[in-house]
Amino acid sequence: MGVKIGCRDATPPAEHGIQVDLLVKAGVDRDQAYVDHRVSGGQARRPGLDDAINAARAGDVLCVTMPH
């Protein structure tokens, strides 16, 4: 069985810890939680998401959170 890999949006920065904690609650190992820092939704390049996708292997689950 695969692992859970998490990615989260970084806006607003005050929610970083909250969103990572939500990923951990969903079963994502903290070391597998990737973050995009100060990236707006209109930007095509999302390094944290790119890293999460590159870390994923067949059978893994990609969990994505968004700020409230």
Side-chain angles (χ1 to χ4, degrees):
M1 181 166 180
V3 299
K4 288 188 176 181
I5 298 171
C7 183
R8 63 145 332 268
D9 190 357
T11 309
E15 291 191 11
H16 288 189
I18 295 168
Q19 296 297 318
V20 171
D21 288 345
L22 287 173
L23 289 169
V24 171
K25 273 187 170 181
V28 174
D29 187 297
R30 200 168 286 276
D31 293 337
Q32 294 288 340
Y34 297 87
V35 178
D36 278 320
H37 296 280
R38 299 187 185 263
V39 176
S40 73
Q43 292 180 343
R45 179 113 166 67
R46 293 179 165 277
L49 179 58
D50 293 343
D51 290 343
I53 291 170
N54 289 331
R57 301 292 175 250
D60 288 350
V61 175
L62 179 62
C63 302
V64 180
T65 64
M66 295 177 63
H68 293 87

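Bear in mind the structure is a predicted one, so any value in this text is a computation, not a measurement. Scope of the values below: all heavy atoms of this structure, side chains included, with no hydrogens, waters or symmetry mates.
The nearest pair of heavy atoms linking Cys63 to Lys4 is SG-CD, 4.1 Å. Contact record, Ala33 with Val28: N-CG1, 4.2 Å, taken as the closest heavy-atom pair. Nearest heavy-atom pair across Tyr34 and Ala55 is OH-CB, 3.3 Å.
Here Arg30 pairs with Val20, Asp21, Val24 under the side-chain contact (heavy atoms from CB on, under 4.5 Å) rule; sequence neighbours left out. Taking the side-chain contact (heavy atoms from CB on, under 4.5 Å) definition, one finds that Ala26 meets it with nothing, sequence neighbours left out.
Distance check: Leu49 CG to Asn54 CG gives 9.5 Å after rounding to the nearest 0.5 Å. To the nearest 0.5 Å, the span separating CD on Gln32 from CG on Asp51 amounts to 11.0 Å.
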